[in-house]
Trainee: 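Below is a structure I'd like to ask you about.
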Number of protein chains: 2
Amino acid sequence: MAQKLTLKKIAQDLNVSISTVSKALRDSHEISVETRDKIKDYAKKYNYKPNNIALSLKNQKTKKIGIIIPEIVHHFFATVISGIEKVANEKGYQVIICLSGESFDKEVVNMDMLANGSIDGFIMSLSKETLERQDFHHLREVLNQGMPIVMFDRVVDSIACDKIIIDDVAAAQSATDFLLRKGKKNLGIISTVDYVNVGKLRTQGFKDALLKRGIKFKESSVLRIEDAENCTKSIEKFLKQGNYDGVVAVNELFAVTASKALKKMGKSIPDDVAIIAFTDGMLSKYASPTLTTIGQKGEDMGGLAAAKLIERLESKHDMEESYETVIVKTSLVERESTP
Amino acid sequence: MAQKLTLKKIAQDLNVSISTVSKALRDSHEISVETRDKIKDYAKKYNYKPNNIALSLKNQKTKKIGIIIPEIVHHFFATVISGIEKVANEKGYQVIICLSGESFDKEVVNMDMLANGSIDGFIMSLSKETLERQDFHHLREVLNQGMPIVMFDRVVDSIACDKIIIDDVAAAQSATDFLLRKGKKNLGIISTVDYVNVGKLRTQGFKDALLKRGIKFKESSVLRIEDAENCTKSIEKFLKQGNYDGVVAVNELFAVTASKALKKMGKSIPDDVAIIAFTDGMLSKYASPTLTTIGQKGEDMGGLAAAKLIERLESKHDMEESYETVIVKTSLVERESTP
DNA sequence: TTGTAAGCGTTATCAG
DNA sequence: CTGATAACGCTTACAA
């Protein structure tokens, strides 16, 4: 069990000083070619690699990015991480992931832990509970220490930092309008409770689209789901009562659940009822019928977030106070659930 | 932008020495109650938190676990991470995630980076390319340095370390037998290329189940898929030629693809053809028809892997050379795709 | 009861 | 050309 090699050991073994070794390995011209080669050969032979922790302490930077998201088992978040990881890796950074599990406390604890030197900056999407409480002191504290944050998807206006979002209102509006253009007249939307801002914004877009075409908007055409695990019953009831010919769903899960409910009711998709969903993930691609979706480009969002954060980390603090909100274009992926 | 508080600054502000501050904050009885309280109040007021990097360097342990997996967008891996994260967090550890993207080189590079002090141990599942090449020098190097590794799912026998797996042979055998018991006679299996060991093992189990019942096994009843992205054509062809009444698929994706192909061919599921898949994820739950699956308990596997790793990290090096392979029981989840 | 000093592994500055 | 020293932030013998 060969212990890890350090500068100190190399120095001892080769009867030189630590600083000589350090300089030789960094190709300093102060060192004679002979000693340099001797040291470099030795280092290569025994596979010396500098200790990252020591470097972090010395340089006051870790080359690590902290990611805090609600859940990793949601495909959208997984794609975002994938995008972050890719860009981060290219630029020599690594990612530390913490899950809040939609809990405010866990979000705070994890953030505190990471903020104490483990990382250089954060990329995060807020937990539902945090959004509900509207308590953002942990974010403020971190920003106050001079540690940058990039928020994505679930963001809040009142925090000054870089943000990567999609234009939820516009996307929902165009999704809704898409159904209207296909000749659907009586639309319903399956959304989340309002404190989840993306749900609220998408509902707003739905409403806007109707009003723009002079169709009156009824509150009863909105279903706001609290508990995604047990949404089947309420979706069935909603669809039965509304007798819609077009449905907008704010995520894939609501959409497939609606699709199943409709089939059970003997409706044919897309002829009797058309469905369009947010989040272009696995379910949409493989459900029967396949679902028309608004793609959220999770990987792009992650990549942009990472690029933005790293840019800020590596700029000489000269981009102070000029925060940017990037709006990522969504894409409409047409499949079988719409005519 | 309040700079981060350190022991040094507290010491200066309060006109005491650094070690006094350190001791006071750790409730040392060496320190008088007055100074202790004074220091603790000050620390609390300005929200002092010790720097993790400094602690890591001092203690020679980071309280971080490195995870290396092929992809995060695969639901199974996401559930495993979720399980790891949960257990790790409970025990005061955090997770650093690196993705190999099924590439050998990326796996090696990432592992090297993490091994240089950033983490205390690894949890990993090998990339396809690594399995194909059978080159495990990077694993050996890490183990040689005394850094523990726990492998899961895609493991190799020749590396001595703890492993968390499912009994792929037995699971495939029981899945196959399940179809036979339901009266199916002519079975096919959709698997991966053989160097992916789980594919190979599951194919083996399929074969075993047939032989055990005295049914002869034909090589032609195995489809080995190389490229999961473009498997539709080959699956269609395979199903048409074989005219099976029961299909085992080594993952969800192959299963839904098969399901769609069969429906297109006018077959009814499960009456004409029954399907059983590995990996109980989103697709199986929401496909039409829903799929009967072998649940791999990703979250459990992750939790066990984390627990095992941490146990090894925190034991006083007295469990040397006694590596364990934990076999996690799979569960059969019956849904609509089987009678 | 408090302070000094060494050490974790590096790098950078300054002497020799 | 080479080496000693300080520093990053912290803990912990050991002195005072």
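Keep in mind the model is a prediction, meaning the values are calculated, not measured.
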Trainee: Under 4.0 angstrom, heavy atoms only, what part of the nucleic acid is A:Ser22 near: base, sugar-phosphate, or nothing?
Mentor: base
Trainee: Dump the intermediate steps for side chain to side chain contact (heavy atoms under 4.5 Å, CB included) on B:Ile96 and B:Gln94, then the final yes or no.
Mentor: CA-CA 7 Å; B:Ile96 299 189; B:Gln94 282 163 318; over 6 Å; no
Trainee: Looking at side-chain heavy atoms only, is the closest gap between B:Val21 and B:Leu14 below 4.5 Å?
Mentor: no
Trainee: Which nucleotide span of DNA chain D, 5' end to 3' end, has atoms closer than 4.0 Å to non-hydrogen atoms of chain B?
Mentor: D:dC8 to D:dC14
Trainee: Should A:Arg26 be listed as having a side-chain N or O under 4.0 Å from OP1 or OP2 of C:dT10?
Mentor: no
Trainee: To the nearest angstrom, how far is A:Leu25 atom CG from C:dA12 atom P?
Mentor: 13 Å
Trainee: Return the 5'-most residue of the pair B:Thr20, B:Lys58 with respect to DNA chain C, ranking by each residue's nearest nucleotide.
Mentor: B:Thr20
Trainee: Just by modelled atom types, is the B:Ser125 backbone N or O under 3.5 Å from a matching donor or acceptor in the B:Arg154 side chain?
Mentor: no
Trainee: C:dT1 P sits how many Å from B:Ile18 CD1, rounded?
Mentor: 22 Å
Trainee: What about B:Lys23: does its side chain form a donor-acceptor pair under 3.5 Å with the base of C:dG3?
Mentor: yes
Trainee: Please determine whether side chain to side chain contact (heavy atoms under 4.5 Å, CB included) holds for the pair B:Glu314 and B:Ile310, giving the CA-CA distance in whole Å, both sets of side-chain angles, and the decisive distance to 0.1 Å.
Mentor: CA-CA 6 Å; B:Glu314 301 193 339; B:Ile310 292 172; 3.8 Å; yes
Trainee: Looking only at atom types and distance, does a side-chain atom of A:Lys163 sit under 3.5 Å from a main-chain N or O of A:Tyr323, one as donor and one as acceptor?
Mentor: no
Trainee: If I compare all heavy atoms of B:Met151 with all of B:Val156, which pair ends up nearest, and what's the gap?
Mentor: CE-N, 3.5 Å
Trainee: Quick one: does A:Leu25's side chain get under 4.5 Å of A:Leu7's, heavy atoms only?
Mentor: yes
Trainee: Round to a whole Å and report the spacing from CG of A:Leu7 to C1' of C:dT11.
Mentor: 9 Å
Trainee: Parallel, tilted or perpendicular: which describes the rings of A:His74 and A:Phe77, with under 30° parallel and over 60° perpendicular?
Mentor: parallel
Trainee: Once you round it to whole Å, what is the distance between C1' of C:dT11 and CG of A:Asp27?
Mentor: 15 Å
Trainee: Measure the distance from CG on A:Asn59 to C1' on C:dA12 and round it to the nearest whole Å.
Mentor: 11 Å
Trainee: Taking CG from B:Asn116 and P from C:dC8, how many angstroms apart are they, rounded to a whole number?
Mentor: 18 Å
Trainee: Remember a base hit wins even if backbone is also touched, and classify A:Glu30 as base, sugar-phosphate or nothing at under 4.0 Å, heavy atoms.
Mentor: base
Trainee: Scan A:Thr6 against the nucleic acid and name what it touches under 4.0 Å (heavy atoms): base, sugar-phosphate only, or nothing.
Mentor: sugar-phosphate
Trainee: Give A:Lys8 one of three labels, base, sugar-phosphate or nothing, depending on what nucleic acid heavy atoms sit under 4.0 Å from its own.
Mentor: sugar-phosphate
Trainee: Tell me which residues in residues 35-56 of chain B lie within less than 4.0 Å of DNA chain D, going by non-hydrogen atoms.
Mentor: B:Tyr48, B:Pro50, B:Asn51, B:Ala54, B:Leu55
Trainee: Report yes if some heavy atom in the side chain of A:Leu126 is under 4.5 Å from a heavy atom in the side chain of A:Leu139; otherwise report no.
Mentor: yes
Trainee: What nucleic acid atoms does B:Ser32 come within less than 4.0 Å of, heavy atoms only: base, sugar-phosphate, or nothing?
Mentor: sugar-phosphate
Trainee: How close or far is atom C1' of C:dA12 from atom CD1 of A:Ile31, stated in whole angstroms?
Mentor: 13 Å
Trainee: Do the side chain of B:Asp162 and the main chain of B:Leu309 share a donor and acceptor less than 3.5 angstrom apart?
Mentor: no
Trainee: In whole angstrom, what separates A:Gln60's CD from C:dA12's P?
Mentor: 14 Å
